Amino acid sequence: MELYQGSLDIKSIFSRWLDEERESNYGAFIPFIGTIRAENNIEALSFDIYEPILESWFNGWVERAKKRGAKVKMAHSIGDVPVHTSSYISAVFSPKRRVALELIDEFVEDFKANAPIWKYDILDGRRIYAEDRSTPMSGSGILASKEDN
Amino acid sequence: MELYQGSLDIKSIFSRWLDEERESNYGAFIPFIGTIRAENNIEALSFDIYEPILESWFNGWVERAKKRGAKVKMAHSIGDVPVHTSSYISAVFSPKRRVALELIDEFVEDFKANAPIWKYDILDGRRIYAEDRSTPMSGSGILASKEDN
Amino acid sequence: MVKIEFLGPIEQESLEIEANSLKDVANFLQNIESINSWLDRCAVAVNSQMCNDLSKKLNSGDVVSILPPVCGG
Amino acid sequence: MVKIEFLGPIEQESLEIEANSLKDVANFLQNIESINSWLDRCAVAVNSQMCNDLSKKLNSGDVVSILPPVCGG
């Protein structure tokens, strides 16, 4: 797992990952690249990350992928990322096409739902939590329960 | 659609595609890269392509992707491709993550089943049709039917 | 005359025959033993368009392509 | 003493409280109005491990993290 301040250098990360696994005999390699869209007049998005939990979330996926003969990699931005630049790249390597296609879907969807990353719009220089586009992590709400025993 | 003699220069194709769509405001970009696995002692795989039908097959996907607000790209090798080098890269660009994840799966699976490309093992310098790994295209068998009217 | 071409691994030179429909092509090819063994798993294109219709009419100059099982990637 | 830290957009400095379980933490936080409004959509980690169990025992020095809705990518 790799974290970088600001936009990712996608070409260099992609090239390095390709080289790293060149001799690993994986037949299928599927990266997913997330790029900041120009919308709602934002100048950039900005990200906070809680690294210890991201690390353990990611290591869980390394193990899950391994059981299916596959490998996952991931890089994400911290801080401000201007529109039309990229904040996220993840990838699956697998001997098998089907495993790779299924795993990239599951991995990216779980990332969206459970990676401890918070997103903010940068609008007129202000940093505004993107609450409407955010998802409560699994297990959310347990601290809201009322004592009743 | 791009066809090349021999192995693909994946880094350069990837970088060019990224640059081509840098300002197109797609949020998700998912390439699929196929690399020749070392197995059964092969030295390389080799490919024949029937370009006119590949072109119309691909153009059908360009239209299908467009209806979902997305774009597809593809490059493939012709002739011999040594093990641990790549013969195939395709990609989906989409504003939306879900569309991109679904489309890359459908596109790659239909490519495997219906793109007019024939694969051969290169083994001891001989070129042997990979019949056991090949799939009859949809509509196969119509010429085998017996005249009975 | 209609041209029949054999793609990929089918080792057969192109043929020119008289044929009014794909059905005529089927009858003709079923009588060539080395080709007949391929037919149950081959698809067909006419002038580079895939075609599933055996009653498809053919005109002189049409090209019929015989496509054996594929495996790109 | 248990440390409670608030991640991402929750504008609250870390707190140190006496607590024997996550239930104690819940009771404490429900009484802070600006925090209570977040709780129904926040997940919890103890010492950087996600935790869904309100009866989870806490020891002095444990760190409880409050994680609001996420959106990476």
Side-chain angles (χ1 to χ4, degrees), chain A residues 7-19 21-40 42 45 69 81-113 133, chain B residues 7-19 21-40 42 45 69 81-113 133:
Chain A
S7 307
L8 300 182
D9 183 346
I10 293 293
K11 291 177 191 175
S12 115
I13 295 169
F14 174 89
S15 296
R16 180 164 43 78
W17 288 358
L18 192 70
D19 289 340
E21 305 303 333
R22 185 49 89 192
E23 307 291 315
S24 310
N25 217 23
Y26 293 122
F29 166 33
I30 311 180
F32 178 105
I33 295 109
T35 298
I36 310 300
R37 302 190 64 217
E39 54 187 353
N40 308 322
I42 60 164
L45 292 178
V81 183
V83 295
H84 294 167
T85 70
S86 298
S87 54
Y88 177 51
I89 177 170
S90 60
V92 172
F93 293 83
S94 160
K96 305 255 177 221
R97 169 178 95 253
R98 270 316 317 153
V99 169
L101 285 164
E102 287 163 19
L103 212 48
I104 192 70
D105 192 325
E106 295 167 30
F107 180 67
V108 168
E109 289 298 328
D110 191 50
F111 170 82
K112 277 283 174 185
R133 283 161 285 153
Chain B
S7 308
L8 301 181
D9 182 347
I10 293 293
K11 291 177 191 175
S12 117
I13 296 170
F14 174 89
S15 296
R16 180 165 43 79
W17 289 357
L18 193 70
D19 289 340
E21 305 303 332
R22 184 51 87 194
E23 306 291 316
S24 310
N25 217 23
Y26 293 120
F29 167 33
I30 311 182
F32 178 104
I33 294 109
T35 298
I36 312 299
R37 303 189 64 217
E39 53 187 352
N40 309 322
I42 60 164
L45 292 178
V81 184
V83 297
H84 294 166
T85 70
S86 298
S87 54
Y88 178 50
I89 178 169
S90 59
V92 172
F93 293 83
S94 161
K96 306 257 177 215
R97 169 178 96 253
R98 268 320 312 154
V99 169
L101 285 165
E102 286 162 18
L103 213 49
I104 192 70
D105 192 323
E106 295 167 29
F107 180 67
V108 169
E109 289 298 328
D110 191 50
F111 170 83
K112 277 284 173 184
R133 281 159 286 153

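These numbers come from a predicted model, not from an experiment. Sequence lines set the chain letters: A, B, ... in the order given, protein chains first and strands last, and positions in each chain run from 1. These values consider heavy atoms only, across backbone and side chains, with no hydrogens, waters or symmetry-generated copies.
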If we define contacts as heavy-atom pairs under 4.5 Å, which of [options] has the most with chain A?
options	answer
B:G34, B:P95, B:P31	B:P31
B:V108, B:D105, B:T35, B:N25	B:N25
B:R37, B:E102, B:K112, B:R22	B:R37

Interchain contact, [X] with chain B, by part (heavy-atom threshold 4.5 Å):
X	result
A:F14	side chain
A:I104	both
A:S24	neither

Under the side-chain hydrogen bond (donor to acceptor under 3.5 Å, both in side chains) test, which residues partner [X], sequence neighbours left out?
X	answer
A:R133	A:D121
A:E109	B:R97, B:R98
A:D9	none

Can you check whether A:R16 reaches A:D19 side chain to side chain, under 4.5 Å on heavy atoms? no
Looking only at atom types and distance, does a side-chain atom of A:T85 sit under 3.5 Å from a main-chain N or O of A:V81, one as donor and one as acceptor? no
Kindly give the heavy-atom pair with the smallest separation between A:A28 and A:K96, and that separation in Å. CB-O, 4.1 Å
For B:G69 and B:Y26, work out which heavy atoms get closest and say how close. O-CE2, 3.6 Å
What residue, out of A:I33, A:I30, A:I10, A:L18, has the most heavy-atom pairs lying under 4.5 Å from chain B? A:I33
Would you please go through residues 87-94 of chain B and name the residues with a non-hydrogen atom below 4.5 Å from one of chain A, in numerical order? none
